Structure formats: structure tokens, C-alpha cells
Amino acid sequence: MTDIIGWVATGLVLLGYWLNANRYHRQAMYVWIVGDIGWIAYDTIRGIYPHLALSAIIIIMNLYGIYKILDRKSTRLNSSHVSESRMP
């Protein structure tokens, strides 16, 4: 069972790389988070704490990346709304 968790996590991380390469950045980050949760489960069962820490840090980085993408889109929407309201 443990090996299945590891392989599923590996597949999800690889899918995240493919999504990122094809410019689905936010979706890639979501998939990476799920994959890294799988790695945390695997690492907990196996007692591989350095990799568990790496996976936790990567989840935090992906959450920050998602926040930045959403913030950028929000800023872009707000600035376009302001410029439209100034049009005669």
C-alpha cells in the first residue's frame, strides 16, 4: 500500500510539471499540492523526515504562488475597471 501512495504522488508531481510546461500554472500548483500531500503521507509512514520537510515547504511555496497569481489577476481586473470608468 505504501508503494502505491509513493507512485501516485510521483504521477501527480509529474502531471504538475506537464501542466506547468503547458502554461496551466495555477492548476499545476494545485496538482503539486495534492502530490506533495501524498509524499508527506508516504514519508510519514517510512520515517523519511528530510523529504517530508521538503514536501511541506513546496506546499507552502505553491500556496504562495497561487496567492500571487490570484492577486495579479485581481489587480489586473481592478485596474481595467478603473480605466473603463474614466472613458468618456
Side-chain angles (χ1 to χ4, degrees):
M1 180 64 174
T2 306
D3 285 341
I4 292 171
I5 294 170
W7 282 113
V8 169
T10 298
L12 288 168
V13 170
L14 290 173
L15 175 61
Y17 282 119
W18 183 86
L19 289 167
N20 190 53
N22 287 286
R23 299 180 186 240
Y24 297 101
H25 303 293
R26 191 175 63 188
Q27 294 87 339
M29 291 179 191
Y30 289 127
V31 171
W32 280 328
I33 289 169
V34 175
D36 281 313
I37 290 170
W39 275 118
I40 287 173
Y42 178 88
D43 295 337
T44 300
I45 293 166
R46 297 283 177 137
I48 308 170
Y49 300 110
H51 191 262
L52 185 151
L54 173 66
S55 295
I57 292 167
I58 290 171
I59 288 171
I60 292 166
M61 292 172 61
N62 280 312
L63 290 171
Y64 178 72
I66 291 166
Y67 166 77
K68 294 297 284 184
I69 288 170
L70 294 175
D71 185 53
R72 192 176 326 131
K73 285 184 180 181
S74 172
T75 302
R76 200 175 313 137
L77 286 174
N78 288 336
S79 66
S80 68
H81 177 69
V82 169
S83 64
E84 287 175 8
S85 65
R86 292 182 183 177
M87 295 176 65

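All of these numbers come straight from a predicted model, not from anything done at the bench. Each residue takes its place number in the sequence, starting with 1.
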Item to check | Asn22: partners by side-chain hydrogen bond (donor to acceptor under 3.5 Å, both in side chains), with sequence neighbours left out | outcome: none
Checklist outcome for this item: Hits for side-chain hydrogen bond (donor to acceptor under 3.5 Å, both in side chains) against Arg26, two or more places apart or cross-chain, chain-then-number order -> none
Single-linkage hydrophobic cluster [X]~[Y], side-chain heavy atoms < 4.5 angstrom:
| X | Y | value |
| --- | --- | --- |
| Leu63 | Leu52 | yes |
| Met29 | Val13 | yes |
| Val8 | Val31 | yes |
| Tyr30 | Ile37 | yes |
| Ile57 | Tyr42 | no |

Item to check | Pairs satisfying salt bridge (charged side-chain N to carboxylate O under 4.0 Å, His left out), at least one member in residues 3-16, at least two apart | outcome: Asp3-Arg46
Checklist entry - Step by step, would you call Thr10 with Trp39 a side chain to side chain contact (heavy atoms under 4.5 Å, CB included)? => result CA-CA 8 Å; Thr10 298; Trp39 275 118; 3.1 Å; yes
Enter the distance from [X]:[atom1] to [Y]:[atom2] here, rounded to the nearest 0.5 Å.
| X | Y | atom1 | atom2 | answer |
| --- | --- | --- | --- | --- |
| Lys73 | Ile69 | NZ | CD1 | 7.0 Å |
| Thr2 | Asp43 | OG1 | CG | 11.0 Å |
| Arg76 | Asp71 | CZ | CG | 10.5 Å |

Minimum heavy-atom distance between [X] and [Y], given as atom pair plus value:
| X | Y | result |
| --- | --- | --- |
| Ala28 | Leu19 | CB-CB, 3.8 Å |
| Gly38 | Ile5 | O-CG2, 3.3 Å |
| Asp36 | Ser55 | OD1-OG, 3.6 Å |
| Ile40 | Ile59 | CD1-CD1, 3.7 Å |

Next on the checklist: Clusters formed by hydrophobic residues whose side-chain heavy atoms approach within less than 4.5 Å: which one holds Ile58, and what are its other members?
Outcome noted: Leu54
Item to check | Main-chain N/O of Leu70 paired to Ser74 side chain as donor or acceptor, under 3.5 Å | outcome: no
Item to check | Parallel, tilted or perpendicular: ring planes of Trp18 versus Tyr24, cut at 30 and 60 degrees | outcome: parallel
Item to check | ring pair (Phe, Tyr, Trp, His ring centres under 6.0 Å) partners of Tyr17, counting only residues at least two apart | outcome: Trp32
Checklist outcome for this item: Applying ring pair (Phe, Tyr, Trp, His ring centres under 6.0 Å) to His25 and not counting sequence neighbours gives none
